[in-house]
Amino acid sequence: MDFNFTQDENNFRKEIKDWLSKNLSQRISNKVKKFQRLDKNDYEEFMKALSAKGWLAVNWPKEHGGTGWSNTQKHIFEEEIVKAGAPRIVPFGLNMLGPVLMEFGNEKQKKYYLPRILNCDDWWAQGYSEPGSGSDLASLRTKAVDHGDHYIVNGQKTWTTLGQFANKIFCLVKTDTNCKPQNGISFLLIDIDSPGIEVRPIITLDGEHEVNEVWLKDVKVPKENLLGEENKGWTYAKYLLTHERTGIAGVPNSKSAINHLKVIANKTYKNGKPLIQDPLFSSQIAELEIDLKAMEIFNLRAISSAESGKAPVMESSLLKIKGSIIRQKTSDLLRKAIGPQALPYISEQFDEGWNQETIGPEYAGPLAKQYFIYRKISIYGGSNEIQKNIVAKSEFRM
Amino acid sequence: MHFNLSEERKMLKESCDRLLNDHYTQYKNHHEVSSSEIGFNKNFWEECSEIGMLSALISPNFNGLGGTGEDIMIVFELIGKHLVVEPFLSSGILSITSLTNSKDIETSVLDEISSASKIYAFGHSEVDTRYDETHIKTKANYKNDAVFLTGQKSFVLNGDFADKLICTARFSGNDFDQNGFGLYEIDKTHCDIRSYNTIDGYRAAELNFSEIPAKELCKNSDAYNALLETLYAGAFALSAESIGAMEVCFNMTLEYLKTREQFGKPIGSFQALQHRMVDVMIEIEQAKSAVMLAAGTYEADKDTKYKNISAAKNLVGRAGKLVAEECIQLHGGIAMTWEYNLHNYAKRLVMIDHLMGDSDHHLEKFKLYSNY
Ligand SMILES: Cc1cc2nc3c(=O)[nH]c(=O)nc-3n(C[C@H](O)[C@H](O)[C@H](O)COP(=O)(O)OP(=O)(O)OC[C@H]3O[C@@H](n4cnc5c(N)ncnc54)[C@H](O)[C@@H]3O)c2cc1C
């Protein structure tokens, strides 16, 4: 056991930091720190800069243009980009589709799609969920009917994150309905510009547009866009779950949020004293810090066992649950810290360039909104309840 | 001992419920009302007055028809049930309580409130005074027979549209003294006003003013007593409001669990979720009980009254958060949408904890009034 970073790793951290200070624009990091609305260009500007440096595909092997970094390096990188206030690296192409393509795609597909992901030529969306199929994904009903050299796809996907920016969507579709649901699913790569596709916004409870409905009506999809084999889509979709997911616990995000919380608790006064000196409140922060530190080590343990070849399925689920709880609890304390300053909601404050006076300190504006929207963390990507079912089923065998 | 409402109160409850229901079902949600120019519906406010919802908050000593803990509880539970944005808290409870606890107040002033002919608002919090009860930085400057106020008040509910504003200001002592401040009435036209909606869809305002004429309502220990009465009346009303909102969340979730199917059956058939609903139910019953206790001792001695209100507000803060979070979680993605009305209730439940003292604040006050 050794909890220290090596000299090389510290140098690596410095290299990342230096690069970020020069290549992440202040305009964008300001927007991220102020929780302002990001447009497509904001994401792409940063991702293209990373791509040019060769640092975009953190999880990809070198042969496909990835960094080939060790897990510790990835961990350091993730921590530094969050600290610097970078927009999140949009995961759908890079971390979701990419690994599936590498494992199951044919040569032509790999050659065509992987570099396009790497160069940010394509923006992928994830088309799994449907209105009637969330937790029970295998019950999905979007249908692809064989028409010789192409499929005709009909159905509806929903909750499609950032689908409004996407030009491509990978979809799970039904190609066989006369068998166990899991055995009749295929994995299709679809152009969002195809005739018959309509993307409609869903406004979330914070009043923002981040998710969408995607309607597919008689959409013609060439057979060459089938990934892997027909009716094997479920295996590919599940491959993602077993594929190592180092970032699932969101440790860097929680770290930076807890630091933010402490800064705010120092600046906020309760009965004439900084809130951080209030025993009741500071104990709650301290407990969170204890939880987070423990989870960070838990996460590193999972990563290291993955390096020795064991797929951390159970660990991923446990980390996702605990990670979401810590993240949500931090956002809970953040809004609590500022007391009545959490009340005002000025929507324009979240537009770029807004420069009017805030009500209360500038940091107060986004905190209540953040608390509410972060409820999503325990719902998406397999809800916490489903994660528990997975663990109980795979581990307890009762 | 019994926990039943009298026939009269049952009738009040039923008629108010019907009125609120008929009115609010016209809208998609309460934001439609609160984003109007004045933040609520003036005609509807008058209708509420006509059926006696406002005089139910005023004691017969001041020409009202109620004003007991039980009356306030009944009215505010309904306000929570329908997410009513009309100024029941500001022009109702807070202004009524501060006025009736001031000196030599004329009944006609309260008649103006209960008849809806004047809207009052109450301004005590300043931008960084949090929930500190007597932390007042706004200054009152006495010159000869007149008094002038300079300072700012924050998060003043309905402060933009009110005809009259009641606020706290200090004329001596340090910023936290229990003595040396008063309650004053000021005219909105003298203030610089910034109006906005809160995250949960209610209207509030920031007020700035400098050397504006004011009318003294009370000062020193009278003002301290009136302020505490007002803050506690507000905390109590909000606790009752929370119960109404919790019940809606619970019922919406229960209904959804019965109808939403995954894995070929209603998700409500999963025992893991049933247990979660039972946990939520327990906390709602607990919160309801604490609010009933506070209602029953609303006319008791101050220590008992405040202790029980702090207990209720603390419990409601904790239970409200649990209900909000669990009901969203058990719904899944649908509850994250603007379209589905649950988030409005969830937001109200959580934001009630940001008004009139949060659960931590009231935990401390509970300890104080229980002589820990
Ligand atoms: C903000 C956001 C972004 C998203 N982005 C995407 C995206 O880009 N692409 C995509 O495909 N999907 C996306 N999703 C969808 C997400 O994966 C689903 O919301 C999630 O799988 C849950 O499904 P559901 O919402 O239909 O809830 P349901 O499956 O209806 O579940 C409702 C409740 O029942 C519980 N439940 C269900 N089954 C069981 C069981 N067997 N035992 C115990 N409890 C159970 C759930 O945990 C939940 O609490 C997104 C969702 C959100 C909220």
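In what follows, chains are A, B, ... by sequence order, proteins preceding strands, each numbered from 1.
Side chains of B/Phe155 and A/Ile359 form a contact here, defined as non-hydrogen atoms less than 4.5 Å apart. Using a 4.5 Å heavy-atom threshold, the side chains of B/Asp360 and A/Gln284 count as touching. A/Tyr371 is not listed as a side-chain neighbour of B/Ile199, based on a closest heavy-atom distance of 4.5 Å or more. Proximity of A/Ile379 to B/Ile328: side-chain heavy atoms (C-beta onward) are separated by under 4.5 Å at one or more points. Side-chain contact between B/Met336 and A/Ile373: present, with at least one pair of heavy atoms (C-beta onward) separated by less than 4.5 Å.
Interface remark: B/Leu363 contributes side-chain atoms only to the contact with chain A (heavy atom separation under 4.5 Å). Heavy-atom distances place the side chain of A/Ile386, and not its backbone, under 4.5 Å from chain B. At a 4.5 Å heavy-atom cutoff, the contact between A/Glu357 and chain B is made by backbone and side-chain atoms alike. Residue B/Ala324: no heavy atom, backbone or side chain, is found under 4.5 Å from chain A. Both the backbone and the side chain of A/Ile203 come within contact range of chain B, each with at least one heavy atom under 4.5 Å from a heavy atom of that chain. Of the two parts of A/Thr268, only the side chain, counted from C-beta on, holds a non-hydrogen atom closer than 4.5 Å to a non-hydrogen atom of chain B. Contacts of B/Asp175 with chain A are absent, with no heavy-atom separation under 4.5 Å from either backbone or side chain. Contact of B/Asp128 with chain A is made through backbone and side chain together, with heavy-atom distances under 4.5 Å.
A donor-acceptor contact under 3.5 angstrom links the side chains of B/Gln329 and A/Ser378, judged on distance only. Side-chain atoms of B/Glu325 and A/Gln328 include no donor-acceptor pair closer than 3.5 Å.
Contact count versus chain A (heavy atoms, under 4.5 Å) is highest, among B/Leu330, B/Val350, B/Leu355, B/Ile334, for B/Val350. Interface remark: of the candidates A/Asn389, A/Val211, A/Thr204, A/Asp206, A/Thr204 forms the most heavy-atom pairs closer than 4.5 Å to chain B. The residue among A/Gly339, A/Pro340, A/Ser135 with the most heavy atom pairs within less than 4.5 Å of chain B is A/Pro340. Your options are B/Glu133, B/His135, B/Lys347, B/Glu339, and the one with the most heavy-atom pairs under 4.5 Å with chain A is B/Lys347. With chain A as partner, the option from B/Gly332, B/Ala335, B/Gly333 having the largest number of non-hydrogen pairs under 4.5 angstrom is B/Gly333. Counting heavy-atom pairs under 4.5 Å between each of B/Gln262, B/Met351, B/Met356, B/Arg194 and chain A puts B/Gln262 at the top. When each of A/Ala138, A/Ala342, A/Gly360, A/Pro181 is scored by its heavy-atom pairs under 4.5 Å with chain B, the top score falls to A/Ala342. In terms of heavy-atom pairs under 4.5 angstrom with chain B, the leader among A/Lys388, A/Lys369, A/Arg335, A/Lys376 is A/Arg335. Per-residue heavy-atom pair counts under 4.5 Å with chain B were compared for A/Ser347, A/Ser129, A/Ala364, A/Ser133, and the maximum is reached by A/Ser133.
Contact record, B/Tyr196 with A/Pro344: CE1-CB, 3.5 Å, taken as the closest heavy-atom pair. Closest approach of B/Lys321 and A/Asp332 over heavy atoms only: NZ-OD2, 2.8 Å. The heavy-atom pair separating B/Ser359 from A/Lys336 by the smallest distance is OG-NZ, 3.2 Å.
Judged by distance alone, with hydrogens and angles left aside, the side-chain atoms of B/Arg130 form a donor-acceptor pair with the main-chain N or O of A/Ala337 at under 3.5 Å. With hydrogens and angles disregarded, a donor-acceptor distance shorter than 3.5 Å links the side chain of A/Asp136 to the backbone of B/Phe263. With B/Asp132 contributing its side chain and A/Asn271 its backbone, the two residues share a donor-acceptor pair below 3.5 Å. B/His354 places no side-chain N or O within donor-acceptor distance of the main-chain N or O of A/Leu343, the cut-off being under 3.5 Å.
Here the straight-line distance linking atom OG1 of B/Thr198 with atom OH of A/Tyr345 works out to 11.5 Å at 0.5 Å rounding. Taking SG of B/Cys327 as the start and CZ of A/Arg375 as the end, the distance is 11.5 Å to the nearest 0.5 Å.
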Discussion item. Assess the residue pair A/Phe372 and B/Asp200 against the criterion (side-chain contact (heavy atoms from CB on, under 4.5 Å)); give the C-alpha distance rounded to whole Å, side-chain angles, the decisive distance to 0.1 Å, and a yes or no.
Written reply: CA-CA 11 Å; A/Phe372 288 111; B/Asp200 52 346; over 6 Å; no
Practice prompt. For side-chain contact (heavy atoms from CB on, under 4.5 Å), just list the numbers for B/Glu261 and A/Ser139, CA-CA rounded to whole Å, side-chain angles, deciding distance to a tenth of an Å, and then say yes or no.
Written response: CA-CA 11 Å; B/Glu261 291 193 9; A/Ser139 70; over 6 Å; no
Item to complete: Start with the C-alpha distance between A/Leu205 and B/Thr337, add both sets of side-chain angles, then the distance that settles side-chain contact (heavy atoms from CB on, under 4.5 Å), and finish with yes or no.
Response: CA-CA 5 Å; A/Leu205 52 67; B/Thr337 64; over 6 Å; no
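Identified under the ring pair (Phe, Tyr, Trp, His ring centres under 6.0 Å) test for residues 318-337 of chain B, with sequence neighbours left out: B/Tyr256-B/His331, B/His331-B/Tyr340.
Proximity to chain B among residues 391-398 of chain A is not found for any residue, judged by heavy-atom separations below 4.5 angstrom.
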Under 3.5 Å, which donor-acceptor pairs do the side chains of residues 267-275 of chain B form with other protein atoms, sequence neighbours left out?
unit_1   : atom_1 : unit_2   : atom_2 : d
B/Ser269 : OG     : B/Pro266 : O      : 2.6
B/Gln274 : NE2    : B/Gly268 : O      : 2.9

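For B/Arg260, the CZ atom is densely surrounded, since the number of other residues' heavy atoms within 6.0 Å is greater than 12.
Scanning for salt bridge (Lys or Arg N to Asp or Glu O under 4.0 Å) contacts around A/Lys270 gives A/Asp278, B/Glu364, with sequence neighbours left out.
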